[in-house]
Structures are given as C-alpha cells and as structure tokens.
A.B. asks: 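First, the structure itself, so that you have it in front of you.
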2 protein chains.
Amino acid sequence: MGITKSTEFTTEQNKKSLVFKALGHPARIAIIEHILSVNTCICNDLVGVLPLSQATISQHLRELKEANIIKGSIEGNSICYCLNIETLSSIRNVLDHFISNSDRIPCC
Amino acid sequence: MGITKSTEFTTEQNKKSLVFKALGHPARIAIIEHILSVNTCICNDLVGVLPLSQATISQHLRELKEANIIKGSIEGNSICYCLNIETLSSIRNVLDHFISNSDRIPCC
DNA sequence: GATTAACATCGTAATATTGCGATATATCTT
DNA sequence: AAGATATATCGCAATATTACGATGTTAATC
C-alpha cells in the first residue's frame, strides 16, 4: 500500500492526471512561465533563473517532456525548449468540460 | 533536500501548482467526473463507485476541498459535494495564458 | 438512550518525489 | 587533441504521498 492504484482507473483518467501532476510543482510552473516570457526558445539560462541546481532543473525538464508539455530540440551543444501547445490545449479542454457541465442544479 | 523549495518561488506560482497538483491523481479525476455525471450533488456513493476504501476517498476529498476544487455542505448526516467553478475557471485561465502567448517564433 | 449511517482522523507501511553533488556524455572552441 | 560548455544520469538523503484498518465524531433513527 502506498502506491497509486493506477490500474483501477481508466486510461483517460490516468492520462489527464499525469499532465496535471507534471504541472503540479512551482519550479515547473516557473519553467513554463520563463519559456513564455523569453520570446524565443531557451536552453539553460534556466540554471541562472531558477533557485535550483542544474541537476534538479534537468530533472524537472524531463518530467515536463515526458508529459509532452514541452518539446526540446538539439541545437548545437545546447537544447532548445518550447511549449507543446497540443498537450496544453487538450488539458484545457478537459477543464472546459469540467466547467461547462455545470449547468445543473447547484447544491452549495 | 527532498522537500519542495516553495519559498523560492512566487506566491502565484505556488498557488497555481497546488491546484494542478490536486488534479494530479486519477482518483481525484474520477471523483470530479463522478460529480459531473450524477446531475445532482453526491455524498458518499463514491465509496461504492471508486476502487478505494472510505478512508482513502475521504482523504482525496479533503485534498480537493483544500485546493478549493470542490465545496461540501453538510446535509443531515451526510455531506453534499459539488465543483467550485471559480477555481476551475481560474486555472483554465492559466492554461489559456500558456497557450495564447504562443504567437511567437516557434523553435521545435 | 442505544443503534446505525456517514464521514473524518490517526497511525502506520509502502512507495514516490524532490534536490543535490558527482560523474558521464556530447558538442563546440581553440 | 585538449579544454570548455551544455545537458543527462546516478546514487543518495530528506520528505511527501498513497492507501488502509481502526477508531473517533456527529447526526439521524429506532
């Protein structure tokens, strides 16, 4: 006991939760916001921006990449990261669905 | 080491990540979807619906409540839960922001 | 007032996450 | 080729999360 019982839930429920989970850390929000703010793609000036070590930042980037929230392309000896709008859109649609179906009898 | 360095990030970044984090578990997605599907508010028929014990479900409900994703109102000796559209909307706006600012030079 | 039903909380075990230094790897630069 | 730069990965320690049985608590019911 202690492990998430993923197999007991649907594939869709697991997929959704994995994207949300990847967004569920302030460092990863900061990374996304930094990619947004620098109008071009970044490599690891993140190391100068975030209060974390290079190893830790690399780990967070990997989690974002595994959740398909960012993409990275090799650019010489550095890596250029940018947002994957598709994933962000689809998770936005999930939230839209949560919100839109709220035309029912309220209770609280 | 090991603990999230929350204090190193902005209040806003922490707030956003806490909502996403609360959505980052399949059981909590399932709870939200169940509240959506039963057109009226539910109590703990969740115990009959989810593959988890009453204690575990109660814990997940508390996390959703603490993140302001659901609200519960006492209804006799049971509790009536429903979605908190405000929180869901505001986090949807965060995603909108992530997506909309994507009118910049793509890199990948 | 005892019983039942619906939750919440405590304590605990198993597992996952976070963070970092050290080290590896790959690609530029000289 | 040697050194510098950028990134990834390993191994570990600290902490957090997940899950559940047992036990509380509160309110309806008998």
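Each chain gets a letter, A, B and so on, in the order its sequence line appears, and its residues count up from 1. Worth saying up front: this structure is predicted, and the values here are computed from it rather than measured. The figures that follow rest on heavy atoms only: side chains count, while hydrogens, waters and symmetry mates do not.
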A.B. asks: Give a yes/no on whether any side-chain N or O of B/His60 is located under 4.0 angstrom from OP1 or OP2 of D/dT17.
C.D. replies: no

A.B. asks: Report the distance from atom CG of B/Leu61 to atom P of C/dC7, rounded to the nearest whole Å.
C.D. replies: 9 Å

A.B. asks: Atom CG of A/Leu46 to atom C1' of D/dT7: distance rounded to whole Å?
C.D. replies: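 Roughly 12 Å, once rounded to whole Å.
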
A.B. asks: Between A/Thr56 and C/dG19, is there a side-chain N or O to OP1/OP2 distance below 4.0 Å?
C.D. replies: no

A.B. asks: Is a donor-acceptor contact shorter than 3.5 angstrom present between the side chain of A/Gln59 and the base of D/dA8?
C.D. replies: no

A.B. asks: For B/Ala22, does its backbone N or O pair with a side-chain atom of B/Arg28 as donor and acceptor, under 3.5 Å?
C.D. replies: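 Here the side-chain-to-backbone pair exists.
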
A.B. asks: Measure from CD1 on B/Ile74 to C1' on C/dA8 and round the result to the nearest Å.
C.D. replies: 11 Å

A.B. asks: Please report, rounded to the nearest Å, how far the C1' atom of C/dA16 is from the NZ atom of A/Lys5.
C.D. replies: 17 Å

A.B. asks: Considering just the side-chain nitrogens and oxygens of A/Ser78, establish if one lies under 4.0 Å of OP1 or OP2 belonging to D/dA6.
C.D. replies: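 Answer is no, no contact under 4.0 Å.
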
A.B. asks: Do the side chain of A/Lys5 and the main chain of B/Pro51 share a donor and acceptor less than 3.5 angstrom apart?
C.D. replies: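 Checking the backbone N and O of B/Pro51 against the side chain of A/Lys5, a donor-acceptor pair under 3.5 Å is found.
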
A.B. asks: Using a 6.0 Å cut-off, check whether atom NZ of A/Lys65 has over 12 heavy atoms from anything other than its own residue.
C.D. replies: yes

A.B. asks: For A/Arg28 and C/dG19, give me the distance from atom CZ to atom P, rounded to whole Å.
C.D. replies: 8 Å

A.B. asks: Rounded to the nearest 0.5 Å, how far apart are CD of A/Glu33 and CD1 of A/Ile35?
C.D. replies: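 Reported value, rounded in 0.5 Å steps: 11.0 Å.
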
A.B. asks: State, to 0.1 Å, how close B/Asn14 and B/Ser6 come at their nearest heavy-atom pair, and which atoms those are.
C.D. replies: ND2-O, 2.9 Å

A.B. asks: To the side chain of B/Asn77, which of D/dC20, D/dT18, C/dA5 is closest?
C.D. replies: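 It is C/dA5.
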
A.B. asks: With heavy atoms under 4.0 Å as the rule, sort A/Leu52 into base, sugar-phosphate or nothing.
C.D. replies: sugar-phosphate

A.B. asks: Do any of residues 7-24 of chain A sit with a heavy atom less than 4.0 Å from DNA chain C, and if so which?
C.D. replies: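 Per residue number, the list reads A/Lys21.
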
A.B. asks: From the set C/dC7, D/dT7, C/dT18, return the single nucleotide nearest to any side-chain atom of A/Ser58.
C.D. replies: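 Per side-chain heavy atoms of A/Ser58, the pick is D/dT7.
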
A.B. asks: Kindly say whether B/Ala55 contributes a backbone atom to a donor-acceptor pair with the side chain of B/Ser58 at under 3.5 angstrom?
C.D. replies: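 Not at all, since once roles are kept as given, no pair shorter than 3.5 Å links the two residues.
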
A.B. asks: Between D/dT7 atom P and A/Glu63 atom CD, what is the distance in whole Å?
C.D. replies: 18 Å

A.B. asks: Would you kindly give the CD1-to-P distance between B/Ile57 and D/dG21, to the nearest whole Å?
C.D. replies: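 Between P of D/dG21 and CD1 of B/Ile57: 12 Å.
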
A.B. asks: Does B/Asn84 use its side chain to pair, donor to acceptor, with the backbone of B/Glu86 at less than 3.5 Å?
C.D. replies: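 It does hold such a pair.
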
A.B. asks: More 5' along DNA chain D: A/Gln54 or B/Ala27, using each one's nearest nucleotide?
C.D. replies: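 Taking each residue's closest nucleotide, the earlier one in sequence belongs to A/Gln54.
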
A.B. asks: For the side chain of A/Ile79, counting heavy atoms from C-beta on, which of D/dA19, D/dT7, D/dT18 is nearest?
C.D. replies: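 The nucleotide sitting nearest to the side chain is D/dT7.
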
A.B. asks: Side-chain N or O of B/Arg62 versus OP1/OP2 of C/dC7: is the shortest distance under 4.0 Å?
C.D. replies: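 False: B/Arg62 side-chain N/O out of range (4.0 Å or more) of C/dC7 OP1/OP2.
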
A.B. asks: Going hydrophobic residue to hydrophobic residue with side-chain gaps under 4.5 angstrom, can you get from A/Leu18 over to A/Leu88?
C.D. replies: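 No, A/Leu18 does not connect to A/Leu88 through the hydrophobic network.
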
A.B. asks: What is the distance, to the nearest angstrom, from the CD atom on B/Glu75 to the C1' atom on D/dT26?
C.D. replies: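 In whole Å, D/dT26 C1' lies 15 Å from B/Glu75 CD.
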
A.B. asks: Could you check which of D/dA8, C/dT9, D/dT18 has an atom nearest any side-chain atom of B/Ala55?
C.D. replies: C/dT9

